[in-house]
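So you know, we letter chains A, B, ... as the sequences are listed, proteins then strands, and number each from 1. Values below: all heavy atoms of this structure, side chains included; hydrogens, waters and symmetry mates excluded. Just so you know, these numbers come straight off a predicted model, no measurement behind them.
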Number of protein chains: 2
Amino acid sequence: MNIGDASKETGLPAKTIRYYEEIGLVMPDRAANGYRDYCEADVHRLRFLQRSRSLGFSIQECRLLLSLYQDENRASADVKALALAKIEEVDRKIAELRSLRATLSDLAAHCSGDDRPDCPIMDDLAGEAP
Amino acid sequence: MNIGDASKETGLPAKTIRYYEEIGLVMPDRAANGYRDYCEADVHRLRFLQRSRSLGFSIQECRLLLSLYQDENRASADVKALALAKIEEVDRKIAELRSLRATLSDLAAHCSGDDRPDCPIMDDLAGEAP
DNA sequence: GGTTGACCTTCTAGTGACTGGAAGCCTTAT
DNA sequence: ATAAGGCTTCCAGTCACTAGAAGGTCAACC
């Protein structure tokens, strides 16, 4: 299967698939003409990557997940631990964004938003809170 | 004021302050020995940048905010519009993360997390949902 | 057989916003 | 005189791609 078909199968851009080869994640065979030739297992790994990346796992984490995936003797606890750690990370990010949102919203609420220059948002950014 | 003192005053690493000069955000004078020499206004701009960056504004947005900040004839509506747009952006990110969290949490809930290899998280990543 | 046009290859370089490190001046204190 | 610490520039690396150029390959159509 050529890279274009693998791209269609997995939803990953061809550029990304080549990049995944460059960093050693999915190494396809080569056809006689030099074209990459993806077998079913390769496409499977690519799809696995697409899903784990879209769930927010980093490339390093995906590498680990892939190796667990290929490991017949893995403990599901190892996978679960990764997922739980990622949930915590997501929770931290959400909390940070919520606090950010609260601050922005508070600032915006106190700004008249007209054509005069006086602006409490600016005052805050400048460190001149009243 | 040398860069080290400016760094202490603003909480920004010296490297970051040099970077801000490189991209034309804060251009200090130079002392006779070639050292950067930050005046109060420079430190003010740096502090402004520190705050707006920590509120999630991109460098481009900070550039715009700084120019509004310096503009005697700005309309506070312009600043407020930026803040409101940023709030929407933050909301979108939060929604995305919440959906991510729900998926991860759902997957983890169905995984026994013991030393057996069977793992619904892996099954899902592999696209083999039951 | 020639010619499109789509597909493939490699390579280089750019993104955003820094961060790390090396090599070498400058200043201050001992 | 020397040691420590701060400053300078420049180069390279981060993360995960993404854009684009220059050129080889393939299938179809005339």
Please find the earliest and latest nucleotides of DNA chain D, in the 5' to 3' direction, that have an atom within less than 4.0 Å of any heavy atom of chain A.
dA16(D) to dC26(D)
After noting the C-alpha distance and the side-chain angles of Gln50(A) and Thr16(A), does the key distance pass the side chain to side chain contact (heavy atoms under 4.5 Å, CB included) rule?
CA-CA 10 Å; Gln50(A) 192 279 321; Thr16(A) 301; over 6 Å; no
Gap separating the CE atom of Met1(B) from the OG atom of Ser7(B), nearest 0.5 angstrom
11.5 Å
Return the OG1 to CG distance between Thr10(A) and Asp5(A), rounded to the nearest 0.5 Å.
10.5 Å
Nearest 0.5 angstrom please: Arg63(A) CZ to Phe57(A) CZ, how far?
15.5 Å
The reported gap from CG in Asp124(B) to CZ in Arg51(A) (rounded to nearest 0.5 angstrom) is 5.5 Å
Distance col, row Ile121(A):CD1 vs Thr103(A):OG1, nearest 0.5 angstrom, shows 12.0 Å
Quick one: is Asn33(B) getting a side-chain N or O under 4.0 Å of the dC25(C) phosphate, OP1 or OP2?
no
Between Glu89(B) and Lys86(B), is there a side-chain N and carboxylate O pair less than 4.0 Å apart?
yes
Is it true that, when you exclude Gln70(B) itself, more than 12 heavy atoms of the residues, nucleotides or ligands shown sit nearer than 6.0 Å to its CD?
yes
Hey, what bend do you get for the helix from dG1(C)-dC30(D) to dT30(C)-dA1(D) if you fit axes on five pairs at each end, rounded to 10°?
30°
Got a sec, which residues hit side chain to side chain donor-acceptor pair (under 3.5 Å) with Glu9(A), two or more places apart in sequence or on another chain?
Arg47(A)
Can you give one letter per nucleotide of nucleotides 12-20 of chain C, going 5' to 3': B for a protein heavy atom under 4.0 Å from the base, S for sugar-phosphate only, - for none?
-----BBSB
Could I get the full list of ring pair (Phe, Tyr, Trp, His ring centres under 6.0 Å) partners for Phe48(A), not counting sequence neighbours?
Tyr69(A)
Under a 4.0 Å threshold between the charged nitrogen and the carboxylate oxygen, would Glu21(A) count as salt-bridged to Arg30(A)?
yes
Using 0.5 Å steps for rounding, measure from the CZ atom of Arg18(A) to the CD atom of Glu22(A).
11.0 Å
Can you build the contact string for nucleotides 1-8 of chain C? Use B for base contact, S for sugar-phosphate-only contact, and - for no protein heavy atom under 4.0 Å.
------BS
